[in-house]
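Data block below; observations after.
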Amino acid sequence: KRLSLTDPHIFISFFRAISFCAHAVFILLSLENVNRKAFKESVKPGWHYFGRKMDVADFEWIMWFTTFRNHILFALAGHVIFAKIFSLIAPKHRSLIFAIYGGLAVLVTMGWTFMALVVSHCFVLYSVALVKRKWLCFAAGLSTLASIKLEPYNSWQEALVTGSFDLQDILFYGGCGFSIIRCMSFALENCEKKDGNYTFCDLLKYNFYLPFFFFGPIMTFDRFHAQANNTKLARKEREMWNITTKALLHLGVILLVDIFFHYLYILTIPGDMKLVTKLSDPCLAGLAYFNLVYDWVKAAVMFGVINTVSTLDHLDPPQPPKCITMLYVFAETHFDRGINDWLCKYVYDYIGGDHDKIFKELLATFCTFAITTLWLGPCELVYIWSFFNCFGLNFELWVAKFFSLPPFSTIEYAMGEAMSRRIRGVFNAANFWAIVLYNVLSLNNLDFAKMVGRRLIFKGFPLSSLSVLMVTYCGVQLVKERERQLVLQEEAEQIV
């Protein structure tokens with residue numbers, strides 16, 4: 001079979017070759033600069049037998065899979081054993097058993113003052129939920145969330161928690177933050193309940209489910225309540241096989257990331273601006289891209305581990321986020337599917353409707369990112385990140401509306417599906433780099449993000465800009481080809 005330049009396999013093969021070369025370049029770059037002074041804080045001794053140092057710049061990953069790995073494994077393993085035993089003995093009360101174990105684990109870990117603080121948040125928002133006014137639930141919930149995100153209220157509440165250990169700050173803000181978001185979901189779902197109210201015990205069962213408590217993901221109350229109180233606990237065909245496969249896959253990814261951390265210092269390099277300025281434009285673009293890929297891998301693995309545990313409890317949790325390589329539209333961009341689902345259900349879709357009205361979309365995205373800003377913690381970097389992502393989401397709608405008008409719609413119809421996909425691929429490639437530039441802000445420093453943008457858009461134009469865009473275009477074609485194959489497969493299954 002002869003291959004033409006329009007064959008998608010040409011683009012796919014080219015993209016894979018470029019990806020392989022990029023990994024080789026960053027391995028060489030890491031090896032050459034491992035002893036730089038700027039690397040001392042975040043590159044620590046690793047594999048002693050191989051003489052390799054390890055990139056420890058990401059606190060979350062090191063916390064989960066190195067420093068506190070045994071503590072987290074012990075708590076989750078205890079939950080699995082405890083939950084399984086009592087699910088067999090008393091399946092009707094398993095949601096209560098989950099909450100008792102979770103509450104005891106939180107109490108032992110954080111102390112009674114933290115427990116009292118979380119329960120007080122739950123009680124306040126439960127009281128508001130009984131009024132059944134959505135605007136009041138939002139006002140109370142966001143005010144409570146602001147109290148742990150803004151000074152001096154957050155410092156006052158944090159001071160109530162006695163003791164001192166390395167994870168205290170992370171567990172305090174994670175536990176309180178996710179608890180408030182869950183309480184808001186409970187309150188909003190209670191507003192939808194036509195006959196009576198959910199009980200305070202229902203809220204505690206929902207909030208103190210241990211796998212979700214400190215780190216998420218968020219599962220909306222309606223879904224959790226229905227699944228946790230389901231007494232028909234039969235497994236689907238090959239379900240345990242799939243759970244085991246996913247668990248082994250996550251273990252394999254953890255080992256692979258550990259290897260990368262000993263050879264690819266992609267998280268440390270952006271902090272050394274002297275080294276970054278010496279990189280070529282394509283290398284700088286690759287560095288920004290791989291930082292986002294790593295953050296996706298981290299989110300996928302961390303949520304994947306928790307999801308595996310919750311699946312053993314017969315729950316259907318939010319899935320890990322979509323891979324950054326698969327993203328070329330802002331509407332699908334997120335790194336926490338649970339928070340994304342929560343925002344879409346209660347804010348973005350509720351206000352935006354079918355998302356085809358420009359003003360309603362603008363209002364929906366503004367409200368969504370205003371709440372997201374509060375959730376992440378208001379600061380200059382978060383303001384910039386929210387503004388650009390809000391703009392990107394609206395700009396997509398404006399461009400789509402513009403090109404849906406004649407004569408553009410007529411021209412696209414006349415050129416055929418294949419050519420239309422290629423032209424859209426060019427715009428999607430540019431959009432992909434807008435997503436990368438806007439989101440690299442949240443992972444690295446503002447100076448690094450500005451340098452990447454300046455080098456790719458201005459200093460590197462046209463050679464570097466077009467070469468990077470060409471590689472990205474090939475990647476977009478790979479994604480589109482995969483999506484096309486999935487659609488054809490679904491259609492074939494429906495026919496059968």
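Within the structure, the salt bridge (charged side-chain N to carboxylate O under 4.0 Å, His left out) test picks out no pair touching residues 380-409 (sequence neighbours left out). Residue pairs that meet the side-chain hydrogen bond (donor to acceptor under 3.5 Å, both in side chains) test with at least one member in residues 200-217, sequence neighbours left out, are Ser179-Asn207, Arg182-Asn207, Thr199-Asp202, Tyr209-Asp313. Judged as a salt bridge (charged side-chain N to carboxylate O under 4.0 Å, His left out), not a single pair has a partner in residues 352-373 (not counting sequence neighbours). Pairs of residues two or more places apart, or lying in two chains, that qualify as salt bridge (charged side-chain N to carboxylate O under 4.0 Å, His left out) and include a residue from residues 132-142 are Lys134-Glu192. Residue pairs meeting the salt bridge (charged side-chain N to carboxylate O under 4.0 Å, His left out) criterion with at least one member in residues 211-231, sequence neighbours excluded, are Asp222-Lys345, Arg223-Asp316.
With hydrogens and angles ignored, the 3.5 Å screen pairs a side-chain donor or acceptor of Arg337 with a backbone N or O of Gln319. Side chain of Asn394 to backbone of Cys390: a donor-acceptor contact under 3.5 angstrom is found.
Ring centroid separation for the pair Phe214 and Phe178 does not come in under the 6.0 Å cut-off.
Using cut-offs of 30° and 60° for the angle between ring planes, the Phe387 and Phe391 rings count as parallel.
Residues that satisfy the ring pair (Phe, Tyr, Trp, His ring centres under 6.0 Å) test with Tyr101, not counting sequence neighbours, are His79, Phe82.
With Phe221 as the fixed residue, the ring-ring contact (aromatic ring centres under 6.0 Å, His included) test singles out one of Phe186, Trp342, Tyr346: Phe186. Tyr438 pairs in a ring-ring contact (aromatic ring centres under 6.0 Å, His included) with only one of the listed residues (Phe432, Trp433, Phe388), which is Phe388.
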